[in-house]
Amino acid sequence: MDYIIDVEDLRKVYSGNIEALKGINLKIRKGEIYGFLGPNGAGKTTTVKILTTIIKPTSGTAYISGYHIIKNQKEVRKIIGLVPQDLTVDDDLTGMENLVLQSSFYNIKREEARKKAIDLLELVDLKDAADRLVSTYSGGMRKRLDLIVGLIHDPDILFLDEPTLGLDVQTRTRMWEYIELLRKEFDKTIFITTHYLEEAEKLCDRIGIIDHGKIVVEGSPDELKSSVDFDLVELDVDNLQEAMKILVNFDAETRENKIIIKIRDSEKNVLPILKTLTDKSINIKRIHIEKPSLNSVFLKYTGREMREGESEEDIMKTMRAIRRAR
Amino acid sequence: MMDARLSLTARELKKWVRNPLQMIIMIIQPLFWIFLFGSAFNITNLVPSNLPSMKNYILNTYFMGAKNYISFLTPGMLAIMALFTAMFSGVSLIWDRRFGYLTRLLSSPIPRDSIVFSKVFSATVKGTFQSTILLVIAIVVPGGLYLTSNFTALNLVMVYMTLIMLSFGFSGLFSLLSVRIKTIETLMAIVNLLNLPLMFTSSAMFAQNMMPDWLKDISSYNPVTWAANTMRYEMIGGIALNSTIITNILYLLLFDIAVLILIFAVSRYGFSE
């Protein structure tokens, strides 16, 4: 058994003929941090739910540490840890109680569970809040507790479904530190889903870019970026149609009232373009150059952009989750 | 080592105890029931006060010789309270699904039935607790429940056994609904559809020999009737065991076993994510 996660041609069709997964293949080695990067609705959470035995695939097979996800469900559940997308800690219990409750699912003795819980609480700086009700925690504290609840039974593989969704920048950076710490200290295999480019780039050894239920490209962040041989030049001009006519010989398109041009060696090659445009009396208001990034990787393989940053929707979603919990 | 069934039940009970308002309401509610229903449905009030023998006739013929209507009503109300508490046992499962807690449970190596059983056990404890309050209040208030002078510890044990069996059966049935149902609204609609019919087709408020034949037939199949009649024998009649009691307990037992089997089967094969 070479791979700790071995997935072959996984498909999932939800009722109403919605094809969430269209044949996912994955081979993940022990100790790797693997990231599923893709926009909302790409099939990331569905994959996690199948691999964590919550739902069954329509077809295809998957093995976790050699255990079949349907035939050896119970064995799979013992060795995986899941931190779901929603905040799933119980508000009416204290942090400690949440951890001890979770450990009872794995037949861990109470004393041992408490000891482990204290270590983990210390790891994520929640020790002082251990005996407070979770309803008094902030969003970031809940997420940290959520993370260690998924770790209480010392799983071989940890699934993190959008671990920093909707968190503020500061909290997100801290979560990243904790996740990196896990890898360093415990040598865990971690499967992360995210739609934040920066997160995937910072944390993952290998990234699979997923779109519309299929992995479009896979590789280390550096490999992926070097596969892109162009820079993205974004121009904000006052006469869009006219400018596009002039740029007809370039790989240019318009998006959100801006022109996006793909060129090599932009430092050198962008100047003639600008000159041509200004010569034809096109007023350039703003220019932005993006060197190869996961965003351009995404653009290259899907034909769409995947913009970094917090969407309004994410923040709303987290706010709702916290409100609901209260 | 703690079984997930127990630790999850403990979770439910902790949440319950930590919600003081819920506790207060649960304590007040029985008062309403006894005094509202006790007055509203007390047909002995229809008898003119200058005809005491008529009143006794009604009490003896229809109310098993109870000293007053509340004494007859209380065992029925105990059964109804068990039913109504049980009906909401599934609500917390739906919340768990909404909050995503269920996701966590479903990815853990626990038996699926432990998720349902924790709701059933905790609802049974809650129901029994509330019944105890109702019982105490009914006894304490003047003009309330008059227990038979033959009432013994054995009768009390039988009363509790009946209540627990009834609570367990209905909690199981209603918790099972939320294994499949995903919204509170749907669950509430079902609860509302069933609660009053179950109450009025039982002997909780009226004796079966007061009912028209068709209703009497229906009420004989209602677990609330089995429990209410049994508890009346214990509390008013002072009889621990007779053939009717044994039959009723047997029915309740079969009801519980059927629910138990359903829980194992449905939670194993049909858990909605």
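Chain letters run A, B, ... following the sequence lines, proteins first, then strands; residues in each count from 1.
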Are there more than 12 heavy atoms of other residues, nucleotides or ligands under 6.0 Å from atom CD of B/Gln22? yes
Please classify the contact between A/Glu97 and chain B as side chain, backbone, both or neither, with a heavy-atom cut-off of under 4.5 Å. side chain
Atom CZ of residue position B/Phe84 - does it have more than 12 heavy atoms of other residues, nucleotides or ligands inside 6.0 Å? yes
NZ/B/Lys14 to CG/A/Asp90 distance, rounded to the nearest 0.5 angstrom? 10.0 Å
Can you tell which part of A/Val149 gets under 4.5 Å to a heavy atom of chain B, answering side chain, backbone, both or neither? both
Pick one of side chain, backbone, both or neither for A/Gln73, based on which atoms fall under 4.5 Å of a heavy atom in chain B. neither
Value rounded to 0.5 Å, distance of CZ in B/Arg11 from CG in A/Asp92: 8.5 Å
Results of salt bridge (Lys or Arg N to Asp or Glu O under 4.0 Å) for A/Arg183 - residues two or more places apart only: A/Asp205
Could you tell me if the side chain of B/Arg98 sits less than 4.5 Å from the side chain of A/Asp86, heavy atoms only? no
Greater than 12 external heavy atoms within 6.0 Å of A/Tyr14's OH: yes
Can you tell me if B/Arg18 has over 12 outside heavy atoms packed within less than 6.0 Å of its CZ? yes
Heavy atoms under 4.5 Å from chain A: which residues of residues 101-120 of chain B carry them? B/Tyr101, B/Thr103, B/Arg104, B/Leu105, B/Leu106, B/Ser107, B/Ser108, B/Pro109, B/Ile110, B/Arg112
Counting only heavy atoms not in A/Arg11 (residues, nucleotides, ligands), do more than 12 fall under 6.0 Å from its CZ? yes
Contact origin within A/Ile80 toward chain B - heavy atom pairs under 4.5 Å: side chain
Determine whether more than 12 heavy atoms belonging to other residues, nucleotides or ligands lie under 6.0 Å from atom NZ of B/Lys15. yes
Measure distances from A/Asp146 to the heavy atoms of chain B and classify the residue's part below 4.5 Å as side chain, backbone, both or neither. both
Taking atom OH of A/Tyr67 as the centre, report whether more than 12 heavy atoms of other residues, nucleotides or ligands fall under 6.0 Å from it. no
Under 4.5 Å from a heavy atom of chain B, the part of A/Ile55 involved: side chain
